[in-house]
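For reference, the structure is listed below as structure tokens.
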Amino acid sequence: MLPVYTRGRSQLSILRAALPTGATYDTFADWTSFQRALVDAPCAVIWLDWLGDGDALHRLTDVRRRLPDVPVVLVTRKDADNVRLLKGLVVEEVVWLNDAPNSLATAVARAETCGALHLVRAAIRSDRHLSHRLREMLLYACDRGHVVRSVTALGLALHCDRRTLWYAWHQAMPRGPRLEDFLHWLTILHATALRPSLRSWEEVAAELQIDKRTLARYATRLLGVELRDLSALDRRELVATFCATFVGRLLADPRLDNAP
């Protein structure tokens, strides 16, 4: 369930129009009730027209301090004074009010994916059985700031030979899926997070700087679906499958069983 803090009827109508049909969310006008709903949330939407109104900025800062692992999508006005107040404030996504109908769904999808990858990265960091090389490559691949398209690209980023990466992976997953499959799964997660606001899979592929046919091959080989059917799949189930296929087996971390 996606918790949304909002206090206006017009905001609710924009929210209903912006989020995909069938999306499950719960709206709160009371800040205390909203905070209670954040504990197990995959991400949260906080709708504050003006950050300078009352204690809006203080509330936002406080929730980031107390619940730093919950990704936040902030919806606010694109006004010079308002934007100035954002300086130094860390939120995963900012959606300008006038663009909310077009971009809110993608912002939520990206934030949810960010939250899942944050959980994965935290588990990787805390696992003491991983080799230094494997931990380094997993952390880099799961960074939301980029999409790693191949083992060669991963090796270049980490300044090591791709055979070294394959060896580190094989030591941990001797009978499991390939390192390439791990990277391609991550690409699928990034692609499905982009799809809500882009008109076509061609645009998604262009944003990820890969060929649409390559993305289609990933969908068919890893998920058994045509690319046109990929957006119909539940993204949280995709993340759970990814964690069970790769991360849970690599780390044997029970926290990942309920990843968003």
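- For the pair L15/L104, a side-chain contact is recorded, criterion being any heavy-atom separation below 4.5 Å from C-beta on.
- Other residues, nucleotides and ligands contribute over 12 non-hydrogen atoms within 6.0 Å of the CZ atom of R221.
- Ion pairing of D79 with R84 is absent here, as no side-chain N (NZ or NE/NH1/NH2) approaches a carboxylate O to less than 4.0 Å.
- Note: I124 CD1 to L134 CG = 8.0 Å, rounded to the nearest 0.5 Å.
- Taking both residues in full, the closest heavy atoms of A56 and L48 are given as O-CD1, 3.9 Å, listed atom of the first, atom of the second, then distance.
- When the side chains of ILVMFWY residues are joined at heavy-atom separations under 4.5 Å, either directly or via intervening members, W31 and L89 end up in a single hydrophobic cluster.
- Of the possible donor and acceptor atoms, none in the side chain of T113 sits under 3.5 Å from a partner among the backbone N and O of A193.
- Here the closest non-hydrogen pair linking F28 and P3 is CE1-CB, 4.0 Å.
- Residues V70 and L38 come closest through the heavy atom pair CG2-O, 3.5 Å.
- Electrostatic pairing of E92 and R64 counts as a salt bridge here, judged by a charged N lying under 4.0 Å from a carboxylate O.
- Ring geometry for Y5 versus F34: interplanar angle of 30 to 60°, hence tilted.
- Listed here is the closest heavy atom pair of V151 and W166: CG2-NE1, 3.7 Å.
- The CG atom of L60 sits 8.5 Å away from the CG atom of L86 when rounded to the nearest 0.5 Å.
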key: Stepwise side chain to side chain contact (heavy atoms under 4.5 Å, CB included) check, V73 with V95   = CA-CA 7 Å; V73 178; V95 174; 3.9 Å; yes
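- Within a 6.0 Å radius of CZ in R162, no more than 12 heavy atoms belonging to other residues, nucleotides or ligands are found.
- No donor-acceptor pair closer than 3.5 Å links the side chain of T220 to the backbone N or O of R217.
- The shortest non-hydrogen separation linking A100 to V75 is CB-CG1, 4.4 Å.
- Among all heavy-atom pairs drawn from L139 and R125, the shortest one is CD2-CG, 3.8 Å.
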task = Evaluate the side-chain hydrogen bond (donor to acceptor under 3.5 Å, both in side chains) criterion for residues D211 and T214: first the C-alpha distance (whole Å), next the side-chain angles of each, then the deciding distance (0.1 Å), finally the verdict.
result = CA-CA 5 Å; D211 191 277; T214 301; 4.7 Å; no
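- Below 30°, between 30° and 60°, or above 60°: for Y218 and H184 the angle between ring planes is below 30°, a parallel geometry.
- Checked options L130, L179, T164; the residue passing with M137 is L179 (criterion: side-chain contact (heavy atoms from CB on, under 4.5 Å)).
- Between the side chains of W169 and E180, no donor-acceptor pair of N or O atoms lies under 3.5 Å.
- A salt bridge does not link D62 with R59: every distance from a Lys NZ or Arg NE/NH1/NH2 to an Asp or Glu carboxylate oxygen is 4.0 Å or more.
- Proximity of a side-chain donor or acceptor of N82 to a complementary backbone N or O of L51 within less than 3.5 Å is detected.
- For the atom pair R228 CZ and W201 CH2, the distance stands at 13.0 Å (nearest 0.5 Å).
- Enclosure of atom OH in Y167 is not indicated, since only 12 or fewer non-hydrogen atoms of other residues, nucleotides or ligands lie within 6.0 angstrom.
- Within 6.0 Å of atom CZ in R66, more than 12 heavy atoms from other residues, nucleotides or ligands are found, so the atom counts as buried in its surroundings.
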